[in-house]
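Take a look at the structure set out below.
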Amino acid sequence: MSDQSSPDVLVGCEECGLVTVLPPLAGGQKALCPRCGHLLAKHISLPFQRPLAYGIASLIMLILSVSFPFMSFSVQGISQEITLLHAAEMLSQFRNSLLAALLLLTVVILPAWYLSTVLYLYWLAGRRYQGIDVQPVTAFQKRLCRMMSVAEPWLMVDVFLIGVLVSLIKISSLADVGLGMSFWAFCIYTLLVVKCVSMVDRTWLWLQLEPMVPVAGISPGDCHHSINHVSCHCCAQLNPLPEPGSHPRCVRCHGRLHPFNPKQSLQRSWALLIAAVIFFVPANLYSMMITVSLGKEEGSTIMGGVILLWQLGSYPIAGVIFLASIVIPLAKMLALGWLYVNAQQVGSQRQAILQLKLYRITELIGRWSMIDIFVVAILVALVQLQNLMAIFPGPAALSFACVVILTMLSAITFDPRLFWVENRPAERAANATTTLTQQEEKLHE
């Protein structure tokens, strides 16, 4: 059975490109890149049992979340009750099928698929660890493992829950709001999904499924500037340098390899970022949602909604919406633009690490801008009280969703190895492996 115990398991850091020996890890330990501090692999305690337990519990809570009433809204004797799936259905009825599909994918379908895949792969890895299943990993199983890592950034269960809480506070002053059984199940589901995702490490999982393939000519201290290998972003396998003009595949997981190409990476990231900037204009000029009350129709922009909440005294909610819908998207676009402009400029290692930290922050916060979209989805589904009061999605909702998706794609397609423009001799000497317990890692940070 393959594990990190082999002293010659080499991996390339995704964020700085340094080739490092992956050390043996015990339960609760992590291995960090000695140059940039990026997580290379982690070994949780009870590595096969805990993901299975959390995954099964998450799926049970998901079934409960979609099986019972989620929320109810009543005013002057007229009431409306919705389920979780009803929110997507109402968006589709108002000719916002793309937003409905986005809601279903990020909150229900992708999380359910991801959890099912985690259960299957960790069950398979456990059988191989115990020697029960010694058959080679099939192409289908490898494809599942590759797709799992691609889907992970798009799980927005936690973002949706914050959006639900914000929408609750926004309408609680207008009418009586009731919380159904599925709401509490969804809260537990969110916590379980977040915990389950935190336990998954694709490098460690791949080591349990299939051993690394030895490649000659690569040594610790090499990096992407050594031009002697290509590191797979799916399974961390180091591959021989492909022939020019070819479409190489990883020798281990058969995933598509992406050789270091500064020009192509920057062009793709710039294109996605510029598209996000273009969509940001109508997202702030047009109405995010339209409210109809006693026959009177009134549109509300993102900034208009923040001002209204502030005037009503809902200062925390106004701050959350302003931060998530205006500050974060704008700051992320400015930060990404600055990083792209300064990429490949010769500087110190300290500069590269600072740029890398800023890049990590933009990746982390980008998805939280989706809060406003989920708020609109909940309000549209919940507030449909005939002519008394109704809320409809505005034209800015789809534009704002495009801003969030495009900025996320721009950050994902960017290659952070661009910050490391040369391989200094001192850095090549920093090939000693770093094994840290969780407590030691906190001290390191």
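Each residue takes its place number in the sequence, starting with 1.
- Remark: side-chain polar atoms of Lys195 are not paired, donor with acceptor, to backbone N or O of Pro51 under 3.5 angstrom.
- Residues Leu205 and Cys145 share a closest heavy-atom pair of CD2-SG, 4.0 Å.
- Using a 4.5 Å heavy-atom cutoff, the side chains of Pro111 and Leu62 are not in contact.
- Side chain of Ser410 to main chain of Leu406: no donor-acceptor pair is present (N/O by atom type, distance under 3.5 Å, no hydrogens or angles).
- The closest side-chain heavy-atom distance from Leu64 to Ile188 is not below 4.5 Å.
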Full working for ring-ring contact (aromatic ring centres under 6.0 Å, His included) between Phe160 and Phe186: CA-CA 10 Å; Phe160 181 78; Phe186 188 85; 5.4 Å; yes
Worked check of side-chain contact (heavy atoms from CB on, under 4.5 Å) between Val404 and Ile373: CA-CA 10 Å; Val404 179; Ile373 299 299; 5.6 Å; no
Candidate pair Lys42 and Leu25, rule side-chain contact (heavy atoms from CB on, under 4.5 Å), full reasoning: CA-CA 7 Å; Lys42 62 183 177 183; Leu25 300 176; 5.6 Å; no
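- Rounding to the nearest 0.5 angstrom, the gap separating the CG atom in Leu52 from the CH2 atom in Trp123 is 10.5 Å.
- Closest of all the heavy-atom pairs between Ser58 and Tyr189 is O-CD1, 3.2 Å.
- Inter-residue side-chain proximity for His43 and Gln29 is flagged as unmet; no heavy-atom pair is nearer than 4.5 Å.
- The ring of Phe48 has its center closer than 6.0 angstrom to the ring center of Trp204.
- Side-chain N or O atoms of Arg252 include one that pairs as donor or acceptor with a backbone N or O of Trp206 at under 3.5 Å.
- Across all their heavy atoms, Asn239 and Arg249 have their closest contact at OD1-O, 4.1 Å.
- Put simply, the side chain of Tyr286 does not reach to within 4.5 Å of the side chain of Thr301, judged on heavy atoms.
- With hydrogens and angles ignored, the 3.5 Å screen pairs no side-chain donor or acceptor of Ser325 with any backbone N or O of Phe322.
- Within the 3.5 Å criterion, the main-chain N or O of Cys250 finds no donor-acceptor partner in the side chain of Gln237.
- For an aromatic pair to be called close, the ring centres must be under 6.0 Å apart, and Phe414 with Phe419 satisfies this.
- Note on residues 252-276: pairs passing ring pair (Phe, Tyr, Trp, His ring centres under 6.0 Å), not counting sequence neighbours, are His224-Phe260, His225-Phe260, Trp270-Tyr340.
- Atom-to-atom distance recorded for Leu99:CG and Phe374:CZ is 10.0 Å, nearest 0.5 angstrom.
- The shortest side-chain heavy-atom distance between Phe400 and Pro329 falls under the 4.5 Å cut-off.
- Listed by first and then second residue, the salt bridge (Lys or Arg N to Asp or Glu O under 4.0 Å) pairs that reach into residues 254-280 come to none, sequence neighbours excluded.
- Note: Ile109 CD1 to Leu104 CG = 5.0 Å, rounded to the nearest 0.5 Å.
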Salt bridge (Lys or Arg N to Asp or Glu O under 4.0 Å) between Arg367 and Asp158, intermediate numbers included: CA-CA 10 Å; Arg367 59 199 292 271; Asp158 48 347; 3.0 Å; yes
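- Counting heavy atoms from C-beta outward, Cys16 and Cys223 have side chains that stay 4.5 Å or more apart.
- Closest approach of Leu22 and Ala31 over heavy atoms only: CD1-CB, 4.0 Å.
- Tested against Val66 for a side-chain contact (heavy atoms from CB on, under 4.5 Å), the candidates Leu85, Val107, Thr83 yield a single pass: Leu85.
- No donor-acceptor pair under 3.5 Å is formed between the side chain of Ser269 and the backbone N or O of Leu266.
- The side chain to side chain donor-acceptor pair (under 3.5 Å) check on Asn342 picks up nothing, with sequence neighbours excluded.
- At least one side-chain heavy atom of Tyr114 sits under 4.5 Å from a side-chain heavy atom of Val200.
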Leu84 and Ser182: CA distance, side-chain angles, deciding distance, side-chain contact (heavy atoms from CB on, under 4.5 Å) verdict: CA-CA 8 Å; Leu84 183 59; Ser182 286; 5.9 Å; no
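- You'll find the side chain of Trp420 reaches within 4.5 Å of the side chain of Ile353, heavy atoms only.
- Checked by atom type and distance alone, the side chain of Glu363 never pairs as donor or acceptor with a backbone atom of Arg360 at under 3.5 Å.
- For CZ of Phe279, the number of neighbouring non-hydrogen atoms (other residues, nucleotides, ligands) closer than 6.0 Å is 12 at most.
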Derivation of the side chain to side chain donor-acceptor pair (under 3.5 Å) call for Tyr120 and Gln141: CA-CA 9 Å; Tyr120 174 67; Gln141 292 164 347; 2.8 Å; yes
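- Within the model, atoms CG of Leu339 and CG of Leu418 stand 10.5 Å from one another, a figure rounded to the nearest 0.5 Å.
- Judged purely by distance below 3.5 Å, without hydrogens or angles, the side chains of Asp415 and Ser265 never pair a donor atom with an acceptor atom.
- Although no hydrogens or angles enter the test, the distance criterion places a donor-acceptor pair under 3.5 Å between the side chain of Arg146 and the main chain of Cys253.
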side-chain contact (heavy atoms from CB on, under 4.5 Å) assessment of Arg128 paired with Val137: CA-CA 10 Å; Arg128 294 176 67 82; Val137 180; 4.0 Å; yes
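- In this structure, CG in Leu39 is found 6.0 Å from CG in Leu32, a value given to the nearest 0.5 Å.
- Between Pro153 and Ile412, the shortest heavy-atom distance links the atoms CB-CD1, 4.4 Å.
- For the residue pair Leu144 and Thr117, the shortest heavy atom distance occurs at O-CG2, 3.9 Å.
- Counting heavy-atom neighbours within 6.0 Å of Trp154 CH2, excluding the residue itself, gives a total above 12.
- The CZ atom of Arg417 sits 12.0 Å away from the CG atom of Leu18 when rounded to the nearest 0.5 Å.
- Looking only at distances, no side-chain donor or acceptor of Asn284 sits under 3.5 Å from a matching main-chain atom of Ile302.
- A salt bridge does not link Arg202 with Glu152: none of the charged nitrogens is closer than 4.0 Å to a carboxylate oxygen.
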